[in-house]
Amino acid sequence: MPEFRLYNSMTRSVEPFAPADGETVRMYACGPTVYNPAHLGNFRTFLFADLMRRSLKLAGFKVRQVMNLTDVDDKIIKRATEQKKTVREVTEPVIGMFIADRDYLRIEPAEHYPRATDFIVEMVDLVRRLEMKGIAYQADDKSVYFAIDRFPGYGRLSRLDTRELKTGARVAQDDYAKENAQDFALWKSATPDDEACGAAWDSPWGRGRPGWHLECSAMAMSLLGETIDIHTGGVDLQFPHHEDEIAQSEAATGKPFARFWCHGEFLLTDGAKMAKRVGNVSTVEDLRSQQVSAAAVRHLMFSTHYRKQLNLSGAALEASMEAVRRVGDFAGRLAAAPGGTPALATVAETFRAEFDDALRDDLNAPRAQAALFVFINHVNAELDKRGSDVAGLAAAREAFARADAVLNIVPEREGVDASLEPWVEQQMLARKAARGRRDFAAADQIRKALEEKGIVVEDTAEGARWKKVR
RNA sequence: GGCGCCGUAGCCAAGUGGUAAGGCAGGAGACUGCAAAUCUCUCAUUCGUCGGUUCGAUUCCGACCGGCGCCUCCA
């Protein structure tokens, strides 16, 4: 069996991957900051993590995944202050929306969804460890900072040593309290606003709240151990977020924080990064209201490799909707087929090998999906022969099922309103009768009436059936 | 300015030092009372441009053009 290979941002190369303990992959995925609903760009990254965990499982590994919910940060506090709410009141409903969107997109839940505010003790402890080692210091503004010049490895992930700062940029006047402009906050001293909205905790350095980077380090190490196998996130998190996580964690433990750093590329709209400040975001809710199925979204997101930018467009979405329609029809046909041909066993085996190879090769989902369509084509051709071989059919079903356990791109078969269903069935019977007496004018009229309700009638060898389309 | 990624048919998109997967759309045919679905055939002598290395490059190197991102909160 070919090895599992992943691109590691730290080494900038594709490397063989296996969990450190040989069995369970400890994976940490940077999650959402819950101050308003995540957009599709965020979800591209979460879908990337979903692809990762499902591919790892397909390869035979167990997975223990943590995805954090950042429920204290500047934006949340700002919102809470504006709305005169507590941070909890701001984040609670947004977390609910996140879960709903996650489920809609069929993202397999991680094992843990820790909230930053539930790990204050662990965070304070981490800062204390850093302080004892002389790497963290409390500045005049009472905040505690990480001294990057006391951590020799700082900047390895983003190759800071090879960079020059943008000329004339960022003089950091507001951060005069820090010893070094690039030092980052571990613990921020509380402001009156922080206190007002419940975003302040006691600590050895006074009332305050955790810095963003600290949350991930503390939660990852608490739940997964001091060295985790895989850490994922969007490319924009590489610097400074992940760089700072590495610094804090490794300075405290003296051990490597993550063995593999994996970053997903951006989702673009109109040729620009999808971001709230650009004003080009769309949400899962937007898609739902446009009748775009989760299957279609997944197909689209998996049709481009995760390390390549993907431009979201109406045309691309429509292509995916149609592609997934085909997958759905195939799934129905495969399930209902009375028999197949012996050749299906070979078709299934070929598919299985190519599909697995593709995913093992740095999660090449586009290639995996291509293999699926080749498989569908071959199986359809075999089923057209109307054979009665059950072993071949079973092999095809099995191969399809395990592939879809990763992709999950079979669209939900849409039903009609319960009140409409008896009418539909009645029309189908009437049409059958009309066709029986070769009254095709009447039969076509019924077809047309059904079509107006968005129902397509298909005549097959096993009789007529109907399906709902948009 | 520094660091990095990308540029493959109408659109989306894999891929390899030896001559281009797959999806959508399109064309022709089969099947069908008509459809739908499905199947078959077809759809890039060519992979941004110009050079170089090579027996041979889309794939390696260089330059250029174009697009995107990071360097600041950010999936």
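Lettering of chains follows the sequences in order, A, B, ..., and the numbering in each one begins at 1.
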Item to check | Closest listed nucleotide, where the reference is the side chain of A/Ala272 and the choices are B/G33, B/C39, B/G69 | outcome: B/G69
Checklist entry - Looking at B/A75, B/G33, B/U38, which one has an atom nearest to any side-chain atom of A/Arg435? => result B/G33
Any [X] side-chain N or O less than 4.0 Å from OP1/OP2 of [N]:
| X | N | answer |
| --- | --- | --- |
| A/Arg159 | B/C70 | no |
| A/Lys273 | B/C70 | yes |
| A/Arg307 | B/C68 | no |

Once salt bridge (Lys or Arg N to Asp or Glu O under 4.0 Å) is applied, do any residues pair with [X], and if so which ones, sequence neighbours excluded?
| X | answer |
| --- | --- |
| A/Lys385 | A/Glu382 |
| A/Asp404 | none |
| A/Asp193 | none |

Item to check | Counterpart residues, side chain to side chain donor-acceptor pair (under 3.5 Å), relative to A/Arg325 (two or more places apart) | outcome: A/Glu322, A/Asp329
Checklist outcome for this item: Those residues at least two apart in sequence (or on a different chain) that pass side chain to side chain contact (heavy atoms under 4.5 Å, CB included) with A/Ser282 are A/Leu40, A/Met274, A/Asp286, A/Leu312
Checklist entry - Which value, in whole Å, describes the distance between the C1' atoms of nucleotides B/U38 and B/U49? => result 44 Å
Item to check | Same-atom distance (C1') from B/U72 to B/C3, integer angstrom | outcome: 16 Å
Checklist outcome for this item: Heavy-atom contacts, protein to nucleotides 8-16 of chain B, under 4.0 Å, summarised as B (base), S (sugar-phosphate only) or - (none) per nt, yield -----SSS-
Nucleotide N/O to protein N/O under 3.5 Å, stretch nucleotides 26-30 of chain B:
none

Residues touching RNA chain B, which here means a heavy atom under 4.0 Å, drawn from [range]:
| range | result |
| --- | --- |
| residues 371-379 of chain A | A/Phe373, A/Val374, A/Asn377 |
| residues 329-348 of chain A | A/Asp329, A/Arg333 |
| residues 99-114 of chain A | none |

Length of the [atom1]-[atom2] vector between [X] and [N], whole Å:
| X | N | atom1 | atom2 | value |
| --- | --- | --- | --- | --- |
| A/Phe266 | B/G67 | CZ | C1' | 15 Å |
| A/Glu322 | B/G22 | CD | P | 18 Å |
| A/Lys385 | B/U40 | NZ | C1' | 12 Å |
| A/His231 | B/A75 | NE2 | C1' | 12 Å |
| A/Asp236 | B/G69 | CG | P | 11 Å |
| A/Phe184 | B/C73 | CZ | P | 12 Å |
| A/Glu458 | B/C31 | CD | C1' | 14 Å |
| A/His242 | B/C70 | NE2 | P | 15 Å |

Given that both distances must come in under 3.5 Å, which nucleotide forms a Watson-Crick or G-U wobble pair with [N]?
| N | answer |
| --- | --- |
| B/C68 | B/G4 |
| B/C24 | B/G10 |
| B/C60 | B/G52 |
| B/C47 | none |
| B/A30 | B/U38 |

Checklist outcome for this item: Tested for side-chain hydrogen bond (donor to acceptor under 3.5 Å, both in side chains) against A/Ser9, the lone hit among A/Gln238, A/His242, A/His231, A/His263 is A/His263
Next on the checklist: If we check side-chain hydrogen bond (donor to acceptor under 3.5 Å, both in side chains) with A/Tyr306, which of these qualifies: A/Asp362, A/Thr232, A/Thr45, A/Asn364?
Outcome noted: A/Asp362
Donor-acceptor list for residues 434-447 of chain A side chains, cut-off 3.5 Å, not counting sequence neighbours:
unit_1: A/Arg435; atom_1: NH1; unit_2: A/Asp459; atom_2: OD1; d: 3.2
unit_1: A/Asp439; atom_1: OD1; unit_2: A/Ala442; atom_2: N; d: 3.2
unit_1: A/Arg447; atom_1: NH1; unit_2: A/Val457; atom_2: O; d: 3.0

Checklist outcome for this item: Assert: residue with more 5' nearest nucleotide on RNA chain B, out of A/Asn380 and A/Ser158, is A/Ser158
Next on the checklist: Under the salt bridge (charged side-chain N to carboxylate O under 4.0 Å, His left out) definition, can you give me all pairs with a residue in residues 32-52 of chain A, not counting sequence neighbours?
Outcome noted: A/Asp50-A/Arg54, A/Asp50-A/Arg298
